[in-house]
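Below is one structure, written out as structure tokens, with a few remarks after it.
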Amino acid sequence: STTTLTTPQNEVESLMHEMADEAGLDLNMELPQGQTGSVGTSVASAEQDELSQRLAKLRDQV
Amino acid sequence: ATADLGKDCEDNGERVRNHHKQAFEYISIALRIDEDDKGHKEQAVQWYKKGIAELEKGIALPITGEGEHYERAKRLQAKMTTNLIMAKDRLKLLEKLRTCSNVST
């Protein structure tokens, strides 16, 4: 099977937490007004990317 | 009036994120079941459907305006569209499999 190209989920998650740490955020914390936009959407985009990867991996798999 | 309009669009950006969050949760559950060879695909189908509904709601929200804030929201919607198509494809395949196995039993 072809699994070598996909990043493991735990790696993605730890990367997201790293990103959040750098920005000084707790992923589970409510963000202060005004910051919600950019950072929240960046995390959201990363999460959508993760779904894409996992869905791609399942493609044609029975 | 212009300020109100701007605020509306900003709220839509947040709404998109909220639908994303729900969709992400549902589809993550679906994937966890689906990735497991012994997972109950029927259950995965139900979670995919819930996730797809949330993606559709988030994508349908109009994002109008200029600037980084809107661009990010639009990019997020684009990614959600990609996943909507992929999740629908997966759903179609799973439902086809289910129909086939029902016929054979």
Side-chain angles (χ1 to χ4, degrees), chain A, chain B residues 9-14 16-37 39 41 44 48 51-52 55 58-59 63 67-94 96-97 100-101:
Chain A
S1 66
T2 53
T3 51
T4 43
L5 282 175
T6 24
T7 313
Q9 194 196 340
N10 53 4
E11 253 182 66
V12 175
E13 271 168 15
S14 71
L15 203 68
M16 271 168 52
H17 281 281
E18 223 176 88
M19 274 167 52
D21 282 346
E22 276 171 25
L25 302 166
D26 184 335
L27 282 184
N28 301 317
M29 190 178 77
E30 281 298 318
L31 296 171
Q33 274 295 322
Q35 282 203 358
T36 40
S38 52
V39 182
T41 311
S42 300
V43 173
S45 284
E47 287 173 340
Q48 285 292 324
D49 284 341
E50 186 202 322
L51 291 184
S52 298
Q53 282 191 16
R54 290 171 77 185
L55 283 165
K57 210 166 144 184
L58 280 172
R59 197 184 277 160
D60 301 326
Q61 199 174 297
V62 176
Chain B
C9 293
E10 214 166 289
D11 285 346
N12 265 359
E14 201 176 321
V16 173
R17 274 199 306 284
N18 287 337
H19 286 302
H20 145 76
K21 218 181 276 177
Q22 274 300 306
F24 178 70
E25 257 172 51
Y26 293 150
I27 294 176
S28 293
I29 297 170
L31 283 167
R32 218 174 300 141
I33 298 166
D34 202 2
E35 282 161 354
D36 183 353
D37 288 336
K41 303 291 176 183
Y48 275 129
I52 284 168
L55 285 178
I59 293 163
I63 304 289
E68 186 65 12
H69 192 85
Y70 304 103
E71 291 308 316
R72 281 173 192 273
K74 279 185 234 173
R75 272 201 297 272
L76 178 59
Q77 280 187 323
K79 288 187 179 183
M80 287 165 78
T81 308
T82 306
N83 284 330
L84 176 67
I85 295 164
M86 289 173 95
K88 276 187 171 171
D89 281 349
R90 184 64 189 163
L91 193 62
K92 228 183 281 171
L93 187 76
L94 286 179
K96 206 166 86 188
L97 288 176
C100 290
S101 61

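These numbers were taken from a predicted model, which means no experiment stands behind them. First the proteins, then the strands, lettered A, B, ... as listed; each starts at 1.
Interface remark: D89(B) contributes no atoms to any contact with chain A (heavy atom separation under 4.5 Å). For L31(B), the parts lying near chain A are the backbone and the side chain together; criterion is any non-hydrogen pair under 4.5 Å. Residue contact with chain A, scored on non-hydrogen atoms closer than 4.5 Å, involves the backbone of A73(B) exclusively.
Note that the CG atom of L55(B) and the OH atom of Y48(B) stand 12.0 Å from one another [nearest 0.5 Å]. Taking NE2 from H20(B) and CD1 from I59(B), the interatomic distance works out to 12.5 Å, rounded to the nearest 0.5 Å. I52(B) contributes atom CD1, which lies 10.5 Å from atom CG of N83(B) (distance to the nearest 0.5 angstrom).
Checked for salt-bridge contact, E68(B) and R72(B) meet the test: a charged N lies under 4.0 Å from a carboxylate O.
Per-residue counts of heavy-atom pairs under 4.5 Å with chain A were compared for M80(B), R75(B), K41(B); the largest is that of M80(B).
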